[in-house]
Structures are given as C-alpha cells and as structure tokens.
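First up is the structure itself, then whatever we jot down about it.
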Protein chains: 2
Amino acid sequence: MTREIPDIVIGRLPIYLRELIRLTEDEGKINTSSHELGKRLGISSAQIRKDLSHFGEFGKQGTGYHIHYLVEQLREILQLTKEWDVAVVGAGYLGHALAHYHGFEHRGFRISWIFDSDPEKIGQQMDQLIVQDVSQLEKVVSENHIKVAIIAVPASHAQEITNRLVTVGVRSILSYAPIHLTVPSGVEISYSDPVIQLQRMTYYL
Amino acid sequence: MTREIPDIVIGRLPIYLRELIRLTEDEGKINTSSHELGKRLGISSAQIRKDLSHFGEFGKQGTGYHIHYLVEQLREILQLTKEWDVAVVGAGYLGHALAHYHGFEHRGFRISWIFDSDPEKIGQQMDQLIVQDVSQLEKVVSENHIKVAIIAVPASHAQEITNRLVTVGVRSILSYAPIHLTVPSGVEISYSDPVIQLQRMTYYL
DNA sequence: TTAAAATTGTGAAAACTTACACGAATAAGT
DNA sequence: ACTTATTCGTGTAAGTTTTCACAATTTTAA
C-alpha cells in the first residue's frame, strides 16, 4: 500500500474541485455523481472514480457524492485548508493584473507581496499591496516563510529570480516567463506561456 | 502510413521550437543535438528524436540538427509561417497586459483586436489597439476571418463569448476564465487558470 | 588510412494511463 | 415486498507513451 499517486491524477484534482464548487455555489446542488461531473468536464466517469479511489472512498452507491464532503476531502489532499501567502515578482502589466485579480481568494492563496526593480514602481500601490524593492526579496520571503511564488519578469531575469527564490525556501513556482527554468529536485515549477498554448492549437487549424 | 500524430507530441513541438530559437538567437549556436536540447529542457534525447521522427528525418548522424533548418520545419508543421490575427475579448487588467505584451511578435501571432462591453473602456487606446465594442465581435471576427481568440472575461461571460466566437468561425481559443468551456468538435481550447496550477503544486509541499 | 567518438532513427520492451465491465450497495417506483 | 434504476469502487484488459538499445552514418583524431 501507500503507493505513489501519479502526477497526472494530482493534476486533475483541482479541476474536480473547481467544478464541484461551481456545482454547489452557483447551482445549489448538494449531491453529484461521477457521471454528472464527468459530463460537465469532458472526462469519463470511470476516470473520476479511479482518480478519487487513490485517496479513499468518498461516494455512496446509488447516491453518488455529497459535494460539500468531497470538496473538504479534496482541500485536505491538496493542502488548501490554510491560505498560502504568495509572492509575485515583477510589477509590469502582468504583475499588475495578478495583483488586482481576486480569483485567488477562497481558493487557497493570497497575493501578499509584489516586487519590482524599477524605482518608478517601487512604493506604488497595486490593489491592496505596495510594490517592494526586489533587493528585499530574500529578506521578505525568508522572514515570512513564503513557499509559493509567481514569476512575472522578462525571460532574461527569470532564471536569476528563480534561483534567488529557491535559495530562500520557495518550493512552488508559477512562471509566466517564456523560457524553461532549471530548479533543484523538490521544487515544483509550472509554466504559463500563451504563445506555446496558441502554437499547439494552430497545428490543428 | 499517414498515421495520426499523438496530441502529446504536438504539444512538445512549440517547446522545442522556443528552445531552438533561444539557442540560435541568444547563444549563436548553428547546430545542436537531441542530447543537448533534451538536457536543456529536462526531456530525454530519445523522446525528442522519436517526436521529430513522426514528421521526417531532420537530423544527421554524427552531427545532430542544423538549428535553422529544424526551426523552419517546425514552423511549417505548426503552421506558423504566416502570422495569425488574434482577437482578445475582455479589456480588464488581463486584456491590458495581453495588449501590451510584445512576446507574440515573431512567434506567429499578432493581437489585432481587443473587445469589451464597458462604455468607459470602448474607444480607449491600449498599446497599438483601440478597444472595440463587444457588440461588434461577430462583424469584426467574420469580416477579418479571425481563427484565433483569447478570452479574458469573467467566468460568468466566458461560455457566451465562446459560443459567439465559434459561431463566426474561431477555431482556436485560449481561455483565462476559471471555468470549463464546452466547444463543438473541431474547435481547440486551451486553458490558463493560475489557481489550478498553484493548487496542483501545493499537493507536493 | 584506420580507429574512436558522436549522433541519428527506430523496432521492441517496459511503463504508464484509460476504459471496460461487473459485483455490491442504495434509492426509487410499483 | 419486490423489481428496476443508479451509482460506486475496482480488477483486468486495452491503449498510449516512454525508454532502451543498437545498426548505420558522419566526424574527429591519430
């Protein structure tokens, strides 16, 4: 037992979580089934059941899943029962958009800090935050035990910022820089480059 | 022959393309090998060779790949030899960031239109563009034969905008709305929800 | 000229992921 | 009370993807 759970399974859990919350909060549903959830997400019901079975038995034959209970279980599994403080590095247009985006709230994250190197931007207010000097990055991140960061700097600075973040304890990084980043094992990295996504789709046009 | 090429292979081609361009433009390299490319991307050399072998024989034993030639081949495969006009729907902070981002240039895309429904925003200039009334969406998209769009509207409007885009011929959609969208077959969709990405990583913390 | 090193493309094996299909449990309907 | 519907969890089969390993070719070096 205690088998390693495939990354691909972990990757689907947040999708299930998001749809389950939509199902209760927007549509007032109390229960759902693997079939209903799968139909809404374009995923087979068998896959949803198999994925969840890695973690326990959350459903009931004949009835399906009690949404509130399943949501709580998924939150536990994904460690979303507390809110993670997130540092954003880069206060350009993208950093600005991230600072103003309220979609992090109630989903496990709070953008707590934003950094930039431009003296024009340092001290400026962005939503609830004040842009910090990136020279304070190490100090702030280590003092506040920040584990999660978002990189919104140009490609030319992304690897250096990554190295600095990792050195002071950051272990989950979402990067918007259009470049592959090297991180030590034990550090998770995820990329978002809109061009890569568009290029994949133009193949099928 | 003429076997269907796996989606997962198509998905890696843009990554290879991006790194190859970096290799020539930033580092002045003329040739590379599957081993070098793989090492830089954290992908096995065998996988790179196997992926490329779906489309032809682009390398030379003993030497590896001529980067310029391989880049041109990948651009052909991904249909990036022309520039695709892209419509952005939603001129909030995110639409603003997309309009000002110059990373689309030389990579096969040009943000050509941006739409919003807010009268305060319509007519405003964003980088080179003027925000258009979303009521003109169908007219503009069909008249300009736009095939690629980016959705940057709230979740509550994303499905409606998607439907309208698809109706007038859009076939590749990148959505930043935190919601699963339903599209007819033949339409490609790709999602970018930072929270989903962060939630996947917190599992490992 | 010959030997050693580098590198490709690929068939086959291994590993991984998804889909099928069914027993068991529950709920709904007659 | 009995029958029919639903739905879960899961062992197994099928399908997909990655890795291995090697013949063939080219380059480099002695």
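Below, all heavy atoms of this structure are taken into account, side chains as well, without hydrogens, waters or symmetry copies. Here is the naming used below: chain letters follow the sequence lines, and residue numbers restart at 1 for every chain.
The salt bridge (Lys or Arg N to Asp or Glu O under 4.0 Å) search around B/Arg12 returns B/Asp51, not counting sequence neighbours. Annotation: salt bridge (Lys or Arg N to Asp or Glu O under 4.0 Å) contacts of A/Asp133 (sequence neighbours excluded): none. Residues passing the side-chain contact (heavy atoms from CB on, under 4.5 Å) test with B/Gln128, sequence neighbours excluded: none. B/Glu143 meets the salt bridge (Lys or Arg N to Asp or Glu O under 4.0 Å) test with B/Lys139; sequence neighbours excluded. Under the rule for a salt bridge (Lys or Arg N to Asp or Glu O under 4.0 Å), the partners of A/Glu83 that lie at least two apart in sequence or sit in another chain are A/Arg110.
Computed from coordinates, the B/His66 NE2 to D/dT27 C1' distance equals 17 Å when rounded to whole Å. Atom P of nucleotide D/dT6 and atom CG of A/Asn31 are separated by 16 Å, given to the nearest angstrom. The nearest whole Å value for the distance from the CD1 atom in B/Ile5 to the P atom in D/dT16 is 15 Å. At whole-Å resolution of the value, CD in B/Gln61 and P in D/dT26 are 6 Å apart.
Applying the salt bridge (Lys or Arg N to Asp or Glu O under 4.0 Å) definition to pairs two or more places apart or across chains, none involves residues 53-69 of chain A. Among residue pairs with one or both ends in residues 91-108 of chain B, those qualifying as side chain to side chain donor-acceptor pair (under 3.5 Å) are A/Tyr93-B/His100, A/His100-B/Tyr93, A/Asp193-B/Arg107, B/His102-B/Glu105, B/His102-B/Asp127; sequence neighbours excluded.
A 4.0 Å heavy-atom criterion places the boundary nucleotides of DNA chain C facing chain B at C/dA6 to C/dA12, written 5' to 3'.
Both B/Tyr65 and A/Pro6 lie close to DNA chain C; mapped to their nearest nucleotides by heavy-atom distance, the more 5′-ward contact belongs to B/Tyr65.
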Output a table of donor-acceptor pairs, distance under 3.5 Å, between side-chain atoms of residues 157-176 of chain A and any protein atom two or more places apart or on a different chain; print 'none' if there are none.
residue	atom	partner	partner atom	Å
A/Gln159	OE1	A/Thr182	N	3.0
A/Gln159	NE2	A/Asn163	OD1	2.8
A/Gln159	NE2	A/Thr182	O	3.0
A/Glu160	OE2	A/Arg164	NH1	3.1
A/Thr162	OG1	A/Ala158	O	2.7
A/Asn163	ND2	A/Gln159	O	3.4
A/Arg164	NE	A/Glu138	OE2	2.7
A/Arg164	NH2	A/Val134	O	3.0
A/Arg164	NH2	A/Glu138	OE1	3.0
A/Thr167	OG1	A/Asn163	O	2.7
A/Ser175	OG	A/Ala177	N	3.1

Name the atoms and distances for all side-chain donor-acceptor pairs under 3.5 Å in residues 64-80 of chain B, with sequence neighbours left out.
residue	atom	partner	partner atom	Å
B/Glu72	OE2	B/Arg75	NH1	3.1

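Listed for the A/Thr24 side chain is a donor-acceptor partner under 3.5 Å among the backbone atoms of A/Leu20.
For D/dA5, the base is syn relative to its sugar; the glycosidic angle is within 90° of 0.
Of the nucleotides present, C/dA15 is the one that pairs with D/dT16 by Watson-Crick or G-U wobble criteria, both distances under 3.5 Å. Base pairing of D/dT7 is made with C/dA24, judged by Watson-Crick or G-U wobble geometry with both donor-acceptor distances under 3.5 Å.
Ionic pairing of A/Glu188 and A/Lys147 is not present here: no N-O contact between side-chain nitrogen and carboxylate oxygen is shorter than 4.0 angstrom.
Non-hydrogen atoms lying under 4.0 Å from DNA chain D are contributed by nothing in residues 13-27 of chain A. Contact check of residues 34-52 of chain B against DNA chain C (heavy atom, cut-off under 4.0 Å) returns B/Ser34, B/Arg49, B/Lys50.
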